[in-house]
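Naming convention: chains lettered A, B, ... in sequence-line order (proteins, then strands); numbering from 1 in each chain.
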There are 2 protein chains.
Amino acid sequence: MDATVKRKARSPKSTRPPPLQPVEPVHDSDGAHLELRIWLRLLACATRIEKALNARLRKEFNTTLARFDLLAQLARRPEGASMSVVSDLLMVSNGAITALVQKLEADGLIHREVDTADRRTFRLRLSQDGAREFDRMARRHEEWVIALIGELSPVAQSDLLQHLTLLKRRLDKHA
Amino acid sequence: MDATVKRKARSPKSTRPPPLQPVEPVHDSDGAHLELRIWLRLLACATRIEKALNARLRKEFNTTLARFDLLAQLARRPEGASMSVVSDLLMVSNGAITALVQKLEADGLIHREVDTADRRTFRLRLSQDGAREFDRMARRHEEWVIALIGELSPVAQSDLLQHLTLLKRRLDKHA
DNA sequence: CAATAACGTTTCATGTCTAAAATATTCTGT
DNA sequence: ACAGAATATTTTAGACATGAAACGTTATTG
């Protein structure tokens with residue numbers, strides 16, 4: 001998950017004196033393209049946060065981010081949602097949802113009813129227990145995220161959010 | 001991989017007139033804490049880029065990001081590295097490295113020699129084939145990343161990198 | 001109305017990750 | 001030198017991801 005790329009060292013061969021400033025802006029220790037450096041940082045931040053949250057979810061609630069995220073999507077949809085819809089929301093393949101849902105249902109956190117109109121589809125809903133449990137987890141989860149990111153100044157946070165939002169829009173257009 | 005959290009709607013109860021500006025800066029549609037929104041965006045960007053790169057690596061080179069990243073770490077270390085070192089570099093457990101290395105060695109991309117000094121450790125090195133293959137992949141990989149992120153203006157890129165660098169530092173201190 | 005296309009879900013094979021237990025090797029203190 | 005501590009790796013069990021194939025249900029249409 002690092003995607004590091006080695007830059008070739010510039011072999012000093014020319015007889016001309018080298019330019020005073022390198023061609024690429026060097027705010028950092030490496031000559032790599034800005035884009036590459038951004039991607040590496042982005043990935044590093046995301047995996048660090050994800051691992052921290054996952055570890056705490058496991059320790060405090062004996063659950064995982066995948067389960068939490070599925071509950072979160074159902075929590076904001078009292079009318080329920082189908083497997084495919086959830087799969088789209090979580091950006092995860094249908095096959096992955098099947099296993100997740102089976103376990104969550106076995107644990108009594110969600111209900112799965114056949115849709116009366118279209119018997120191909122299931123309607124997933126949070127159970128009472130699921131809603132209660134999700135509320136507890138969501139509160140802690142929020143505290144954790146705030147602790148992790150909250151050390152940045154409000155200005156930095158606002159800037160960062162804007163840039164990420166812009167980046168996400170560009171990425172979505174790309175696909 | 002979404003980690004969405006629903007925010008409670010603010011119930012208007014006070015008799016005093018509300019402040020002209022909301023307490024939290026609202027550049028966005030939701031009342032959630034900035035930290036939560038940043039985390040969601042960060043995760044969305046990271047997974048989108050990761051999936052795009054993974055898909056292209058699979059299509060063009062029949063490989064994966066995990067394999068590519070391991071090769072990348074060895075490529076910048078001609079002296080080689082031990083399993084544990086690689087595991088630290090990739091921020092992945094030792095067990096994960098074992099399987100990866102076995103396959104890469106079977107494919108002839110890396111060598112694994114027992115260290116003469118300490119027979120507990122292996123020294124991993126890129127093979128000739130591995131180095132050649134990695135070079136081809138690294139060039140394409142860089143093009144892809146530049147295409148994905150390059151739509152941001154240079155200023156935005158530089159800002160984003162700075163903020164991510166700062167965030168990463170804070171996260172590392174946290175742990 | 002039947003053949004067929006489209007859809008929703010499950011199953012399967014495969015890949016990657018983790019955490020913890022097992023093994024093997026080296027180091028350390030008396 | 002030797003018992004234990006520390007270190008490096010492998011193994012195992014379990015979670016989650018994908019993509020492709022299979023299957024039942026619904027829609028379409030000649």
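When the C1' atom of D:dG19 is taken as reference, atom NZ of B:K59 falls 13 Å away, rounded to whole Å. In this entry the distance linking CG of A:N62 with P of C:dA19 reads 13 Å, nearest Å. Separating the CG atom of A:L65 from the C1' atom of D:dG14 is a distance of 17 Å, rounded to the nearest angstrom. Atom CG of A:L57 is separated from atom P of C:dT18 by 16 Å (rounded to the nearest Å). One interatomic measurement links the two molecules: CG of B:D115 to C1' of C:dT25, which rounds to 12 Å at whole-angstrom precision. In this structure, B:L43 places its CG atom 12 Å from P of D:dA17, rounding to the nearest Å. Atom CG of A:L90 is separated from atom C1' of D:dT18 by 15 Å (rounded to the nearest Å). To the nearest angstrom, C1' of C:dC17 lies 14 Å from CG of B:L70.
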Letter per nucleotide, 5' to 3', of nucleotides 9-15 of chain C [B base touched, S only sugar-phosphate touched, - untouched; heavy atoms, 4.0 Å]: BBB----

For residues 98-108 of chain A, please give each side-chain donor-acceptor pair under 3.5 Å, one per line with the distance, not counting sequence neighbours.
residue : atom : partner : partner atom : Å
A:T98   : OG1  : A:N94   : O            : 3.4
A:E105  : OE1  : A:R112  : NE           : 3.4
A:E105  : OE1  : A:R112  : NH2          : 3.3
A:D107  : OD2  : A:R67   : NH1          : 3.1
A:D107  : OD2  : A:R67   : NH2          : 2.8

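Of the side-chain N and O atoms in B:R119, none sit less than 4.0 angstrom from OP1 or OP2 of D:dA8.
Salt-bridge formation is not detected for the pair B:R169/B:D172: no Lys NZ or Arg NE/NH1/NH2 atom is positioned less than 4.0 Å from an Asp or Glu carboxylate oxygen.
Rounding to the nearest 0.5 angstrom, the gap separating the CD atom in A:E133 from the CZ atom in A:R136 is 4.5 Å.
Among the atoms of the strands shown, only primed sugar atoms or phosphate atoms (P, OP1, OP2) are found under 4.0 Å from some heavy atom of B:K51.
Checking B:H141, B:R139, B:R140 one by one against B:E143, the side chain to side chain donor-acceptor pair (under 3.5 Å) holds for a single residue, B:R140.
Between the side chain of A:S127 and the main chain of A:L109, a donor-acceptor pair closer than 3.5 Å is present.
Contact between B:E79 and B:R123 at its shortest, heavy atoms only, is O-NH1, 2.9 Å.
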